[in-house]
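Scroll down for the structure; my scribbles are underneath it.
Below, chain A is the first sequence line, B the second, and so on; all start at residue 1. Keep in mind that this is a model prediction, so the values were computed, not measured.
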Amino acid sequence: MSSLRIFIPRDAGAIAVGADETVAALEQAAAKRNATIEIVRTGSRGLYWLEPMVEVATPKGRVAFGPVKEADAASVLDAILKDGPHALRQGLTEEIPWLKRQTRLTFARCGIIDPRSIDDYRAHDGYKGLERALTLTSDAILADVTTSGLRGRGGAGFPTGIKWKTVAQTSAGQKYIVCNADEGDSGTFADRMIMEGDPFVVIEGMTIAGIAVGATKGYVYIRSEYPHAIEAMNAAIAAGRRAGYLGSGVCGSKHAFDLEVRVGAGAYVCGEETSLLESLEGRRGIVRAKPPLPAHKGLFGKPTVINNVLSFAAIPFILAGGAKAYADYGMGRSRGTMPIQLAGNVKYGGLFETAFGITLGELIDNVGGGTRTGRPVRAVQVGGPLGAYFPRALFDTPFDYEAFAARDGLIGHAGVVVFDDTVDMAKQARFAMEFCAIESCGKCTPCRIGSIRGVETIDRIRAGERVEQNLAVVEDLCNTMKFGSLCALGGFTPYPVMSALTHFREDFGPAPTSLQAAE
Amino acid sequence: MSVYESWDAQRGAEIIAENSHVEGATLVILHALQEAFGYVPEAAIPMVAEALNLSRAEVHGTFTFYHDFRRKPAGKHVLKLCRAEACQAAGGDAVAARAEAKLGIKLGNTTADERVTLEPIYCLGLCATAPSAMLDGRVIGMLDEARVDALIAEAQQ
Ligand SMILES: Cc1cc2nc3c(=O)[nH]c(=O)nc-3n(C[C@H](O)[C@H](O)[C@H](O)COP(=O)(O)O)c2cc1C
Ligand code: SF4
């Protein structure tokens, strides 16, 4: 009898809610029943309210059960063995509406393949992009990246094709490819998921970048908070070397390309590209002034492509002949798909990859199902700690770089954090300032000192001290930070602060009476 | 719980030598030292500087810039609670308050018996199953009071 193939994620998010315990319990239950099962540890499908999710291969496709806690493992196994009903049975995974309505280009394989197996990756269209890239000229590769309309997924949304072209045009002997896997924004976990669930797609994207711009060495800078991702990337790099996809002759070609993982040390600012380069060079993560751009003088002073994990992960699809298809998704100047992350107090949280253009309201109410607590949604922070808080009134905003900017917000790395009506927005504004103070690299005064003054002033406001005057101080501080900071840590902290103030003024104490206003 | 070696200059020198050939080695070495000893002993700083041909001030500057590196050993167990926005939205404040009350210390401190170090962390990337924590490298999501109590009991053992 052939053994049953059962799939359970090794994703950190699944492990955090008990996936390892579920695996052990399933193995025990199988031994007791004399059933032969083969458990494959995959990435996560990103439906986190169903984690730990257990899938079983059937002739019709994979059938999902979830959330399968340790205590449910035996009964789930019985249902699998008898093909019988079970309260946790979700039907065919691909038919689960939350998954079915997505457009998974970057995350096409995540949760399906064994992230430790390069053969599995190849069996699911892996390395098709690299194989084609190896038949193209550098210009043709760059043309594909430009045609796709891909903009950097790390936050700033800079066109990837232009960045690569700039590096390709330099004539240095040594160039570098750097993958920014610092993913510090709260509410984001897409980089982590793809590194844990489909690490070869990141490696393939970086290899294509190396070939396009003439770089032979790459670094993946991963934050230390991600031990599972570090392990997955290291394992994949080793497997890539063994299979000849990395090393002196990539796939037997004349191109050399190799990769190394470097681990961060708990500094949020090191996600900023020049701070990251400083850190990679072994120094304090102090932001560099630009110019020179990293594309001209980057790592160790050499021309460097630095991109977010998801930017690299989008490349294999684009190079496998999908440039035009990629660009056909999206709206305006935001082309392709975005792996959106629904987080915080949300009922159906997880990874939702979809074409740009979906509205915030659709995301929160329809996809996310509102709050986990069941209370009304009051505020949503999009784009991490430097992103604005939006009220319900702005839920018609489409997911698009320019549409968010027009409303004094940003998409950033597409993390969406949902808050219910118990949130105190003055407290959130204070936290934004506090976080900036904790994480500031210290180079500019408005960021280093302004944020501390911001915390103190918001404390006074919350204590009811001279509210109007102190609000004016906060606004003034925000302006100074916005215009007097070198990087977006100091420069964008005003977004969460001012949006809280603008849209949730009532949380900052009573509005002035006419008498006070005349003071 | 991790078991660390106690500081030994010769062992330190070995670790430094093993890692000093890579480009921009400072962080790599500091991580390796902390992994071995549980912290970066003061005495190691000039050794790193010498191996990399850097000034002592440069290595010290790097060492102090990053939140991860410790000047002295942590408690036997390290409990990190995520204090970033996604966890705040999902009840993280109450979880942190509960942990502080149970352990009788504020975040950023170690209990008097040196059993537990309680630290804030800004995002573990487990934001769809918030609030989250990490106990000695193990990740835990969907924290509520009962789970926090269990974690603390485990750490205090
Ligand atoms: C304070 C700060 C933190 C940042 N953190 C990250 C990060 O964690 N990951 C990331 O990819 N980009 C981050 N960025 C953006 C990078 O500076 C840079 O724009 C990005 O790595 C470029 O890659 P992309 O074009 O593929 O987006 C951050 C920027 C700032 C100012
Ligand atoms: S804005 Fe803040 S983090 Fe950015 S360079 Fe200036 S001091 Fe450093």
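At a threshold of 4.5 Å between non-hydrogen side-chain atoms, the residues A/P496 and B/E85 do not count as touching. Between B/T26 and A/R283, every side-chain heavy-atom pair lies at or beyond the 4.5 Å cut-off. Counting heavy atoms from C-beta on, the side chains of A/S279 and B/L27 come closer than 4.5 Å. B/H67 places a side-chain heavy atom less than 4.5 Å from the side chain of A/I438. Taking 4.5 Å as the limit, some side-chain heavy atom of B/M134 sits within range of a side-chain heavy atom of A/P227. The side-chain heavy atoms of B/F65 and A/E278, taken from C-beta on, include no pair separated by under 4.5 Å.
For A/K427, the NZ atom sits in a loose shell: 12 or fewer heavy atoms of surrounding residues, nucleotides or ligands are nearer than 6.0 Å. At most 12 heavy atoms of other shown residues, nucleotides or ligands fall within 6.0 angstrom of atom NZ in A/K302. The local environment of CD in B/E50 is sparse, with at most 12 non-hydrogen atoms from other residues, nucleotides or ligands closer than 6.0 Å. More than 12 heavy-atom neighbours from other residues, nucleotides or ligands sit within 6.0 angstrom of CD on B/E18. When the shell of 6.0 Å around CD of B/E14 is examined, it contains more than 12 heavy atoms from other residues, nucleotides or ligands. The environment of B/E114 atom CD is sparse: at most 12 non-hydrogen atoms of other residues, nucleotides or ligands sit within 6.0 angstrom. The environment of CG in B/D113 is crowded: more than 12 heavy-atom neighbours from other residues, nucleotides or ligands sit within 6.0 Å.
There is no contact between A/D191 and chain B, counting heavy-atom distances below 4.5 Å. For B/T129, the parts sitting under 4.5 Å from any heavy atom of chain A are the backbone and the side chain alike. Both the backbone and the side chain of B/V22 come within contact range of chain A, with heavy atoms under 4.5 Å apart. For A/C270, the part sitting under 4.5 Å from any heavy atom of chain B is the side chain, from C-beta outward, and nothing else. Heavy atoms of A/Q428 lying under 4.5 Å from chain B belong exclusively to its side chain. With a 4.5 Å cut-off on non-hydrogen atoms, A/V416 does not touch chain B at all. With a 4.5 Å cut-off on non-hydrogen atoms, A/V423 does not touch chain B at all. At a 4.5 Å heavy-atom cutoff, the contact between B/I121 and chain A is made by side-chain atoms alone.
Rounding to the nearest 0.5 angstrom, the gap separating the CZ atom in A/F435 from the CZ atom in B/R83 is 12.5 Å. Note: B/L126 CG to A/I15 CD1 = 10.0 Å, rounded to the nearest 0.5 Å. Atom OH of A/Y226 sits about 8.5 Å away from atom CG of B/L124, to the nearest 0.5 Å.
Heavy-atom pairs under 4.5 Å with chain B peak, among A/A343, A/G349, A/G266, A/G13, at A/G266. With chain B as partner, the option from A/Y48, A/Y348, A/F431 having the largest number of non-hydrogen pairs under 4.5 angstrom is A/F431. Listed options A/G187, A/G282, A/A265 were ranked by heavy-atom pairs under 4.5 angstrom with chain B; first place goes to A/A265. For the options A/A267, A/G46, A/S186, A/S224, heavy-atom pairs under 4.5 Å to chain B are most numerous at A/S186. In terms of heavy-atom pairs under 4.5 Å with chain B, the best-connected choice from A/G264, A/A229, A/G18, A/G184 is A/G264.
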Original post:
For B/E23 and A/Y219, what are the C-alpha separation, side-chain angles and deciding distance, and is it a side-chain hydrogen bond (donor to acceptor under 3.5 Å, both in side chains)?
Top reply: CA-CA 11 Å; B/E23 293 180 309; A/Y219 286 98; 2.3 Å; yes

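The minimum heavy-atom distance linking A/G285 with B/Y66 is given by the pair N-OH, 3.4 Å.
Under the side-chain contact (heavy atoms from CB on, under 4.5 Å) test applied with B/C123, the options A/R192, A/R223, A/E225 reduce to a single match, A/R223.
For B/Y122 and A/Y268, the distance between ring centers is not under 6.0 angstrom.
Residues of residues 370-384 of chain A that come closer than 4.5 Å to chain B, counting heavy atoms only, are A/R372, A/Q381, ordered by residue number.
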